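Contents: one structure, followed by commentary.
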Amino acid sequence: MIKKILIANRGEIAVRIVRACREMGIKSVAIYTDADRNALHVKKADEAYNIGSDPVLGYLNAHNIVNLAVASGCDALHPGYGFLSENPVLAEVCARRGVKFIGPSPQVIRRMGDKIQARQAMIKAGIPVVPGSDHNLQNVDEARTLAGQIGYPVMLKATNGGGGRGIRRCDSEADLLKNYERVVSEATKAFGAPEIFIEKCVVNPKHIEVQILADSLGNTVHLFERDCSIQRRNQKLIEIAPSPQLTESQREYIGKLAVRAAKAVGYANAGTVEFLLDKDNQFYFMEMNTRLQVEHCVTENITGIDIVVEQIRVADGLPLQYKQEDIKHRGYAMEFRINAEDPKNAFLPSFGRITRYYAPGGPGVRVDAAMYSGYTIPPYYDSMCAKLIVWNLTWEGAVERGKRALDDMIVYGVKTTIPYYKEILSDPEFRSGRFNTGFVEAHPELVNYAVRRPPEHTAAIISAALAAHLGM
Ligand code: ADP
Ligand code: ADP
Ligand code: MG
């Protein structure tokens, strides 16, 4: 049995994993860089070790991290998301050192992390994929020829990409010529690999993804879908489960398709199969994420299944606790990625000290956060500082609860996406439950909310005015 887990991550997801460990009677070990000395995951874990002064490299050194896991007596390692979570080397080093990796096999991570190989595996399994190239592009001339065959608009995408980066839409040959080198350079910088490929651009699709759970004994189930169509620049902002835009028969179809995809590659542990749904109601496989996803919480809310607990059990060789027919969904859940960004200023990161933080509560509200009052958000990492998740029996109820909880939540000291989400929730199109990945771009007016000043700010303005009035 797994007794002690090293968490190779930081922030809210590290805290989330500590919580699962606590409930399972498993000890947790956190790692942190100098910049993260005061981070919440360090305080929450049973033990914490400094892994160096470089704010980022510490979390990316697989050998160091696994050494530490062994030295601190851990029998398992959870990679979280981002960082090394989809790097097969971490899973390999774990296997060599006898540490159970809480995720799929290195072979599956490697294969699905390469979007070309993933597409090929899916084509072989009879899963519909977005029309596109079956190998990495050799040069811009080949891109031009293929784009001519596929038809514009097309997407240039980094083969090893993730997190919404290294993707550019090209509406014409001129666009393609302009973007080709850019995407190659983005891919090289962000993912350390220059390979890119071309895909048909599905215009204004819905992003529908299916949560998968599989054990090492050959059992594979799905936990229904999430609708992540509310995105900005290919990055998710709000995620919903189940999708308010699918019929029950579409739901059944996509669930089965995702299970087939997972089985086709011998998948074990938790994973996500992402699809695009076009205006003709055709689903296309887009990619598979071989890890726990940021938005796993909405699936937990509608199914009642703790995905992290299942991940740990499966990595321990235990069978899944649920059969497909046991898994039901109830109500709607919605997650808001609370980012320390200024929506009014092109969503520029807004790092700094949280002068005041109050977490919302009440019925159907969950907050997975990495901050507290007085915490300073370091500038080196992702700007997401919390996730607010709400649940209610109906779609309309979930929207109202989301508004209420966003109203309840207080984060002073940095700008956040909270006021922007309130505007989205008041938008008739969003409320109708019909939207696609073009929603954010089509509604630039939603950043025109009035800025509410924190009380200390208002107090300062009043006393300054008073002082001026009194001639002080
Ligand atoms: P999800 O797919 O779980 O919705 P995101 O795509 O937003 O999550 O990615 C979660 C985090 O992981 C982000 O911080 C993102 O920058 C990072 N990330 C995802 N894929 C990669 C990758 N291939 N390389 C580096 N970072 C990645
Ligand atoms: P990442 O690995 O960065 O998550 P994805 O391949 O999942 O990259 O794409 C991220 C987002 O980009 C999708 O959710 C979708 O909004 C958009 N996108 C990607 N490929 C296409 C496509 N072929 N047509 C239209 N939109 C796409
Ligand atoms: Mg994706």
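Position 1 is the first residue of the sequence; numbering continues from there. Both ligands and their constituent atoms are indexed starting at 1 by order of listing. Note that the structure is predicted; figures quoted are calculated from it, not measured.
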Subject >> Side chain, backbone, both or neither: Leu276 near ligand 2, heavy atoms under 4.0 Å >> reply: side chain

Subject >> Ligand-side contact atoms (ligand 2) for residue partner Gly161, heavy atom cut-off under 4.0 Å >> reply: 2 (O)

**OP:** Decide whether His41 and Glu12 meet the rule of one side-chain donor and one side-chain acceptor closer than 3.5 Å.
**Re:** no

Original post:
Considering the options Thr417, Ile230, Val298, which one meets the side chain to side chain contact (heavy atoms under 4.5 Å, CB included) requirement together with Ile238?
Top reply: Ile230

Original post:
Relative to the heavy atoms of Glu199, which atoms of ligand 2 are at a distance of less than 4.0 Å?
Top reply: 20 (N), 21 (C), 22 (C), 23 (N)

Original post:
Are Arg119 and Glu199 ion-paired here, with the side-chain N under 4.0 Å from a carboxylate O?
Top reply: yes

**OP:** State the atoms of ligand 2, each with its element, that fall below the 4.0 Å cut-off from a heavy-atom position in Cys201.
**Re:** 24 (N)

Subject >> Proximity flag Lys157 to ligand 2, non-hydrogen atoms under 4.0 Å >> reply: yes

Original post:
If we only count N/O pairs under 3.5 Å, is Glu274 in contact with ligand 2?
Top reply: yes

**OP:** Taking the Mg ion (ligand 3) as the reference point, name the nearest N/O/S atom of Glu287.
**Re:** OE2

Subject >> Considering only N, O or S atoms of Glu274, the one closest to the Mg ion (ligand 3) >> reply: OE1

**OP:** For ligand 2, note which part of Ile167 has a heavy atom under 4.0 Å away: side chain, backbone, both or neither.
**Re:** side chain

Subject >> Ligand-residue contact atoms, ligand 2 with Gln231, heavy atoms, under 4.0 Å >> reply: 11 (C), 13 (C), 14 (O), 15 (C), 16 (O)

Subject >> Location of contacts on Lys115 toward ligand 2, heavy atoms closer than 4.0 Å >> reply: side chain

Original post:
At a 4.0 Å threshold, what atoms of ligand 2 neighbour a non-hydrogen atom of Lys200?
Top reply: 22 (C), 23 (N), 24 (N)

Original post:
Between the main-chain N or O of Gly271 and the side-chain N or O of Gln211, is there a donor-acceptor pair closer than 3.5 Å?
Top reply: yes

**OP:** State whether the shortest distance between N or O atoms of Gly163 and N or O atoms of ligand 2 falls below 3.5 angstrom.
**Re:** yes

Original post:
Have Gln245 and Asp227 got a donor and an acceptor in their side chains that come within less than 3.5 Å?
Top reply: yes

**OP:** Verify whether the ring centers belonging to Tyr380 and Phe351 lie closer than 6.0 Å.
**Re:** no

